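For reference, positions follow the sequence shown, starting with 1. Small disclaimer: the values here were computed from a predicted structure and weren't measured.
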Amino acid sequence: MRILLVGAGGVGSAVVPIAARRDFFEHIVVADSQRSRAARAVAAVDDPRFTAVTLDAADRAQVVAALREHRCDVLFNAVDPRFTMPLFEAALEAGAHYLDMAMSLSKPHPSRPYAEPGVKLGDEQFARDGEWRAKGRLALVGMGVEPGLADVFARYAADHLFSSIDEVGVRDGSNLVVEGYDFAPTFSIWTTIEECLNPPVVWEDGRWRTTEPFSEPEVFDFPAGIGPVECVNVEHEEVLLVPRWIPARRVTFKYGLGEEFIGVLKTLHKLGLDSAEKIRVGGAEVAPRDLVAASLPDPATLGDRMHGKTCAGTWVKGTGKDGRPREVYLYHVVDNAWSMREYGAQAVVWQTAIHPVVALELVANGAWKGSGVLGPEAFDAVPFLHLLHEYGSPWDIRETPRQAA
């Protein structure tokens, strides 16, 4: 397998040392608009199977040319979701397989944004499913940690733990602290603004509906010493992916953001600083959201200042295989001290990076195969979860005790 990895930011740079420990691929070309950033990621592993190149992710023709020049049969998209469609289309044109961690962007309903979805996350990609099938190529979408591992957990629960599912609820929380900053997001602020300020989507009783940002707060008790964290509704791909393959009455995504973080996001929105549309400032044109991102520290550089753990997981409630009520939380925890010591990557970006590498290894060895636009739920979860253990990154299940009759 020859891979074009587009993006050498936090997640892309974390992919390199993870993949370097595996032998399922022949070569990985690390591409970034800043060649110096790609070169740093490659130099960190000193492995001849990696090379660095300059690439504009928005230039479809340039991406097609790079895929062909380097004879890559997979495009691994590790940039933010505004570049999803150019990369997705370039892979299709070049006849390569494709993997991303964030699907094509949504657009709110023009008149009822907090009641009905408009263009949903991934709609543009799923509309092209027939073209991918006709070419016999796989576009594996939403294959990070959330979405990604969370969807694998849902598939595992549906196949092995439940006879029917009432709710699949992805719950993400942490106790991470970044020392020395009043406000320092641990993941891309561009993506965080996009998913947190858009109308969240909920799947309920056979249809998608939307709600207000940060709605339906609940306190979720996270494992591994993280403890109770208030979580709120956030727009996320799992809600658009899970119902396509797994029967469930309700699907939700709630994120533990914290009151201060929510307050900052609301202020950015009030000031129009969340906009991705360019405005003229003096002699330059700049998107306010890009300015916000440029003014904050790069999340990839925060690892030495961070401490704590992050938890991604899928809470499932329904009827177990024995016909009795069942409730479980399948989860994956990363300790920042461990990920920094072992890989030199902070916990959040490392947790996002490992799962697409595992998925690509399953595609390479034939354990996962298919064509068309598919989410992680379309594949057998067991090989993935076994391989995740082999990578040295175990997952676990917390069972809620059943009530006495």
Side-chain angles (χ1 to χ4, degrees), residues 77 84 88 97-104 106 117 120-129 132-133 137-172 201-208 235-254 312-319 321 326 328-332 352 354-363 366-388 395 397:
N77 173 3
T84 291
F88 177 84
H97 299 298
Y98 170 87
L99 179 147
D100 67 33
M101 297 170 283
M103 302 195 303
S104 59
S106 65
K120 302 187 299 300
L121 292 169
D123 275 358
E124 289 184 82
Q125 290 172 289
F126 283 111
R128 309 289 293 275
D129 175 65
W132 284 85
R133 291 182 185 276
R137 293 293 181 265
L138 170 64
L140 176 50
V141 298
M143 189 58 251
V145 58
E146 292 171 342
L149 177 64
D151 305 76
V152 172
F153 282 152
R155 175 81 273 164
Y156 181 83
D159 289 346
H160 301 282
L161 305 179
F162 290 84
S163 58
S164 65
I165 293 175
D166 180 53
E167 180 168 355
V168 173
V170 180
R171 299 293 184 266
D172 179 305
V201 182
V202 173
W203 170 265
E204 198 162 39
D205 297 326
R207 61 180 289 268
W208 284 292
E235 181 192 50
H236 232 252
E237 286 89 344
E238 295 92 328
V239 179
L240 288 313
L241 285 169
V242 169
R244 296 176 188 269
W245 285 278
I246 297 172
R249 190 190 68 79
R250 180 175 162 88
V251 182
T252 58
F253 178 95
K254 293 189 179 182
T314 305
W315 165 75
V316 186
K317 181 179 180 181
T319 303
K321 296 291 188 181
R326 191 174 193 185
V328 301
Y329 182 59
L330 301 93
Y331 64 92
H332 181 260
T352 305
I354 185 173
H355 306 293
V357 179
V358 173
L360 285 174
E361 182 161 347
L362 293 175
V363 172
W368 278 13
K369 53 189 173 184
S371 62
V373 181
L374 301 175
E377 297 87 349
F379 303 94
D380 185 358
V382 171
F384 186 101
L385 296 175
H386 282 171
L387 191 54
L388 190 59
W395 59 283
I397 301 178

query = Is NZ or CZ of Arg155 both nearer than 6.0 Å to the six-membered ring centre of Phe384 and within 45° of the ring axis?
reply = no
Side-chain donor or acceptor of [X] paired with backbone N/O of [Y] under 3.5 Å:
{"X": "Lys321", "Y": "Ser163", "answer": "no"}
{"X": "Asp159", "Y": "Tyr156", "answer": "no"}
{"X": "Tyr329", "Y": "Arg171", "answer": "yes"}
{"X": "Arg128", "Y": "Glu124", "answer": "no"}
{"X": "Thr319", "Y": "Ser164", "answer": "no"}

Distance-minimising heavy-atom pair for [X] and [Y]:
{"X": "Gly318", "Y": "Phe162", "result": "N-CE2, 3.4 Å"}
{"X": "Val316", "Y": "Ala157", "result": "CG2-CB, 3.9 Å"}
{"X": "Val145", "Y": "Ala312", "result": "CG2-CB, 3.6 Å"}
{"X": "Ser106", "Y": "Glu235", "result": "OG-OE2, 2.6 Å"}
{"X": "Met101", "Y": "Pro356", "result": "SD-CG, 3.7 Å"}
{"X": "Pro376", "Y": "Gly142", "result": "CG-O, 3.5 Å"}

Side chains of [X] and [Y] in contact at under 4.5 Å (non-hydrogen atoms):
{"X": "Phe88", "Y": "Asn77", "value": "no"}
{"X": "Leu388", "Y": "Ile354", "value": "yes"}
{"X": "Phe126", "Y": "Leu240", "value": "no"}
{"X": "Asp151", "Y": "Trp245", "value": "no"}
{"X": "Phe379", "Y": "Met143", "value": "no"}
{"X": "Leu241", "Y": "Met103", "value": "yes"}
{"X": "Leu138", "Y": "Trp132", "value": "no"}
{"X": "Ile397", "Y": "Phe153", "value": "no"}

inquiry  = Would you say Thr84 and Gln125 are linked by a side-chain donor-acceptor pair, where the criterion is simply a distance under 3.5 Å?
reply    = no
How many angstroms lie between atom [atom1] of [X] and atom [atom2] of [Y], to the nearest 0.5 angstrom?
{"X": "Glu237", "Y": "Glu146", "atom1": "CD", "atom2": "CD", "value": "10.5 Å"}
{"X": "Glu361", "Y": "Leu387", "atom1": "CD", "atom2": "CG", "value": "4.5 Å"}
{"X": "Trp368", "Y": "Leu140", "atom1": "CH2", "atom2": "CG", "value": "6.5 Å"}
{"X": "Arg250", "Y": "Lys317", "atom1": "CZ", "atom2": "NZ", "value": "10.5 Å"}
{"X": "Leu330", "Y": "Trp395", "atom1": "CG", "atom2": "CH2", "value": "6.0 Å"}

request  = Test Arg249 against Ile165 for side-chain contact (heavy atoms from CB on, under 4.5 Å), laying out the working first.
outcome  = CA-CA 7 Å; Arg249 190 190 68 79; Ile165 293 175; over 6 Å; no
ask   = Is atom NZ of Lys120 surrounded by more than 12 heavy atoms (other residues, nucleotides or ligands) closer than 6.0 Å?
value = yes
All pairs passing side-chain hydrogen bond (donor to acceptor under 3.5 Å, both in side chains) where residues 377-386 contributes a residue, at least two apart = none
request  = Test Glu238 against every option in Val168, Leu121, Val170 by the side-chain contact (heavy atoms from CB on, under 4.5 Å) rule and name the one that passes.
outcome  = Val170
ask   = Which is it for His236 and Asp172 under the side-chain contact (heavy atoms from CB on, under 4.5 Å) test, yes or no, and what are the steps along the way?
value = CA-CA 11 Å; His236 232 252; Asp172 179 305; over 6 Å; no
